[in-house]
Amino acid sequence: MSASSSFSSVVRKRFLQKSSSLFSSSFLTRILPGSVKNGVCASSFKEIRTTTTTTTATTIPSFFVQRKSENNWCRPCLVTIENFNSPSSSSAFRRSYASSSTELMTSRTSPTESAQRNNKEKKKKNKKKKKSSTTTTTSKTKAELEELKTLMDMKKPGKWYPLARTMQREIILHVGPTNSGKTHAAMERLKRASSGVYCSPLRLLAWEISESLNKFGTKCDLVTGQELKRVENAEHIACTVEMVDVNKVVDCAVIDEIHLIGDDFRGYAFTRALLGTPALEVHLCGDTSCVELIEKICKDTGDKLRIRNYERLSPLNVAEEHFSKKRLEQNIEKGDCFVAFSRKAVYALKSEIERRVPLRACVIYGGLPPEARSRQAELFNKPDSGYDLLIASDAIGMGLNLNIRRIIFNELTKFDGVEIRQLSSPEVKQIAGRAGRYKMSYYDKGGGVVTTTDDGMVLDGNRKNGDNAKSDIIKSSGVSGLQFIQNQLNAPVEALKTAGLAPTFEQILEYCSKVEGATLEDAMKALSSDAIVPKYYKMRKSDEVIRLAKYLENLGMEIEDHYTFSVSPTSVDCLHSMKTLMNFAKAFLNEGHVSVKLIPKSVNKHDRKSRADAQTRMNQRSVGILATLEEQHRAYDLYLWFARRMSAQFPEYSLAEALRVMCAHSIDAELQKLSTTATIESNSRKKKSEKKEEGSSKPVKQIEELDRKILRSAINRVNEERKNLSLLSKPATTKKATTTTSRQH
Ligand SMILES: Nc1ncnc2c1ncn2[C@@H]1O[C@H](COP(=O)(O)OP(=O)(O)OP(=O)(O)O)[C@@H](O)[C@H]1O
């Protein structure tokens with residue numbers, strides 16, 4: 001069988017089902033000058049045909065695919081099989097195709113069928129496992145080893161993604177420090193393009209961009225792991241970087257915070273977006289650390305690269321004196337943002353500050369849902385909201401436009417999941433850079449200021465182990481907190497050495513089929529450690545995925561489902577998250593459909609026997625409630641994530657969405673309460689007028705009213721979902737299948 005016909009059999013079916021890339025004939029002529037033969041892309045072309053396309057260098061077999069969409073035939077789509085012909089990367093196309101489709105894997109069977117099939121598979125697998133545990137990978141033949149070697153060969157990522165490779169792309173790299181206008185420049189271009197995609201490192205940022213593009217009049221869809229919001233006739237998409245469609249051709253793409261390409265965990269998604277986005281113009285925004293790496297990658301792909309350098313738009317000064325917490329009452333000013341690196345520290349600071357001064361503080365930290373973060377940012381930015389301070393973790397370093405005058409580092413070290421370490425230079429630059437944002441209140445009043453509290457320098461004998469270590473680092477460095485900040489801001493940018501890559505599901509499948517008895521965990525470990533990649537690439541750190549794969553292994557899922565569950569956004573260190581995942585997995589296997597009701601209740605872990613004063617106990621209780629709400633919110637998010645991929649098995653999408661909205665509003669209300677109680681106390685101590693108290697409880701009432709409205713709409717949705725569920729309990733009906741599928745696409 002020739003390469004092209006084997007390719008055809010593999011891909012034909014999948015393309016008919018899924019291809020959504022649309023080309024016009026004029027577009028094809030533009031991307032492949034003089035190469036489109038005999039009018040292949042004429043509008044009358046109505047089926048898949050194998051043909052030959054001549055590029056400037058070689059003759060390569062390719063496909064023109066056309067798909068019927070509602071009443072009209074779509075324009076044809078071109079796929080080359082250059083990589084398919086190369087023995088060293090026999091599945092290069094499938095790999096690149098899969099890398100888009102695995103982001104949104106859909107189930108192909110009805111829930112009942114799936115449950116039955118899963119049970120059978122489970123038994124079969126357990127039998128197979130027992131057998132194969134004796135025949136280990138040591139008994140591999142030479143041919144098998146050769147095949148494995150081929151699978152591990154990922155020496156040419158620059159040749160993957162055939163669709164992008166057929167295009168003459170222009171890459172424009174916008175580099176500069178924070179607040180230098182690089183994203184603004186790229187967005188100006190995107191707004192005016194006839195079609196485009198914005199790839200965001202954060203969901204929050206994707207929401208903001210889709211909202212601002214729609215407001216501007218450029219219709220824009222929103223696509224994240226959990227959401228899909230279609231706008232009629234939209235030609236633009238704002239998505240999280242993991243969700244970018246490498247099969248959809250657009251005129252212009254923007255990949256924000258491209259320096260994250262070097263991140264050990266998420267870097268692979270940026271690499272995929274960079275290599276695979278089929279756009280004529282690709283704008284990359286980031287700091288100067290990634291210039292050399294991008295140059296190397298573009299050399300491999302053959303894309304034209306232009307670099308544009310930017311300077312900071314407003315000054316950023318290090319204060320002459322540190323911020324003395326002892327004299328907090330005298331030193332604090334509106335527009336101050338205190339930075340701490342744990343949820344606990346953020347709330348402790350908020351409580352302390354609100355007790356001592358009659359000002360209220362917003363909070364922003366990683367665990368806070370994006371909706372709540374966005375509302376906290378809005379409250380802080382609004383001049384008359386009653387919130388003038390911000391207490392935040394490094395979650396403010398990216399995305400949010402905040403009206404900060406002064407950044408005050410309360411800590412200069414952070415726990416990074418492994419150890420307590422000093423803040424790195426890029427971290428200090430990214431966080432400090434938030435002060436004095438261009439075109440906001442303080443940029444023309446001397447710009448931004450950065451300082452530290454005295455905590456950064458003083459060694460406190462009463463501190464616990466971790467805290468002592470924290471002080472020791474600073475002490476041993478022999479510099480004061482302010483000097484440390486100045487040094488980190490002045491430090492030259494360190495060039496990124498490697499870009500992330502991740503094994504795709506197709507490769508994992510291939511590994512499991514080649515190595516008898518290999519589990520998902522084995523495949524991921526082997527592919528992460530043994531894959532051969534160019535020296536400026538690295539395989540993604542998959543520790544969490546591997547841990548989840550291991551955790552779920554004994555359930556005996558089909559490998560495809562096992563993979564989907566393992567890559568789900570489950571926090572392995574959170575008991576509630578793990579329990580939720582296990583409940584979902586068991587119901588998925590045994591019932592074939594999963595209900596939101598399976599999300600376990602969160603337990604409020606606040607210390608009821610605390611001997612603190614009444615006020616502190618009240619605050620502790622609120623912080624405890626917030627923690628449980630955050631857990632619940634993450635669980636609804638997880639449900640939505642699955643519902644986007646397996647809509648038939650996770651049918652309660654709208655219910656989960658309504659509950660998530662309610663939960664986010666409850667978080668807002670609890671945050672308001674937390675501020676209100678602290679402010680009331682602070683006010684009464686300072687004998688302030690009662691007027692302020694009334695004002696402060698008003699937003700709480702508004703939010704409660706909003707919650708009631710959402711609750712009512714949620715009840716309506718529940719009733720609707722129940723109707724759907726009763727349909728589900730009958731033998732698989734076509735009606736169900738159509739409703740769920742239409743929601744996905
Ligand atoms: N030419 C401009 N006209 C109006 N506003 C601008 C202009 N350039 C930048 N801004 C505004 O300045 C702020 C910073 O710009 P932008 O977000 O593009 O910077 P950046 O370099 O991408 O920063 P960061 O990496 O910190 O996000 C934004 O609020 C942006 O809207």
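Since the model is a prediction, treat every value here as computed from it, not as a measurement. In each ligand, atom 1 is the first atom listed, and ligand 1 is the first ligand listed.
- Residues W641 and V567 have side chains in contact (heavy-atom distance under 4.5 Å, counting atoms from C-beta outward).
- With a 4.0 Å cut-off on non-hydrogen atoms, R437 touches ligand 1 through its side chain and not its backbone.
- Between Y198 and H236, the distance from one ring center to the other does not fall under 6.0 angstrom.
- The protein atom (non-hydrogen) at minimum distance from atom 20 (P) of ligand 1 is K182 NZ, 3.6 Å.
- In terms of protein heavy-atom proximity, atom 19 (O) of ligand 1 is nearest to G181 N, 3.1 Å.
- Neither the backbone nor the side chain of A185 has a heavy atom within less than 4.0 Å of ligand 1.
- The shell of residues lying under 4.0 angstrom from ligand 1, judged by heavy atoms, includes L313.
- For ligand 1 and P177, the ligand atoms under 4.0 Å from any heavy atom of the residue are 21 (O).
- Relative to the six-membered ring of F216, K191 meets both conditions, a distance below 6.0 Å and an angle of at most 45° to the axis.
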After noting the C-alpha distance and the side-chain angles of D256 and S200, does the key distance pass the side chain to side chain donor-acceptor pair (under 3.5 Å) rule? CA-CA 6 Å; D256 210 352; S200 160; over 6 Å; no

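- Checking E630 against Y365 by side-chain atom types alone, a donor-acceptor pair falls below 3.5 Å.
- By the 4.5 Å heavy-atom criterion applied to side chains, L349 and K325 are counted as neighbours.
- Atom 12 (O) of ligand 1 has Y438 CD2, 3.3 Å as its closest protein atom, hydrogens excluded (heavy atom only).
- Contacts with ligand 1 closer than 4.0 Å are made by side-chain heavy atoms of N401 only, the backbone lying farther away.
- Residues V175 and L284 form no side-chain contact, since every pair of their non-hydrogen atoms from C-beta on lies 4.5 Å or further apart.
- Annotation: T178 places no N or O atom under 3.5 Å from an N or O atom of ligand 1; distance criterion only.
- For atom 13 (C) of ligand 1, the closest heavy atom belonging to the protein is N179 OD1, 3.9 Å.
- In summary, the atoms of ligand 1 found under 4.0 Å from a heavy atom of S180, numbered by their order in the structure, are 19 (O), 20 (P), 21 (O).
- When only non-hydrogen protein atoms are considered, atom 2 (C) of ligand 1 lies nearest to H184 NE2, 3.2 Å.
- Of all the heavy atoms of R434, the ones lying under 4.0 Å from any atom of ligand 1 belong exclusively to the side chain.
- At least one side-chain heavy atom of R203 sits under 4.5 Å from a side-chain heavy atom of D637.
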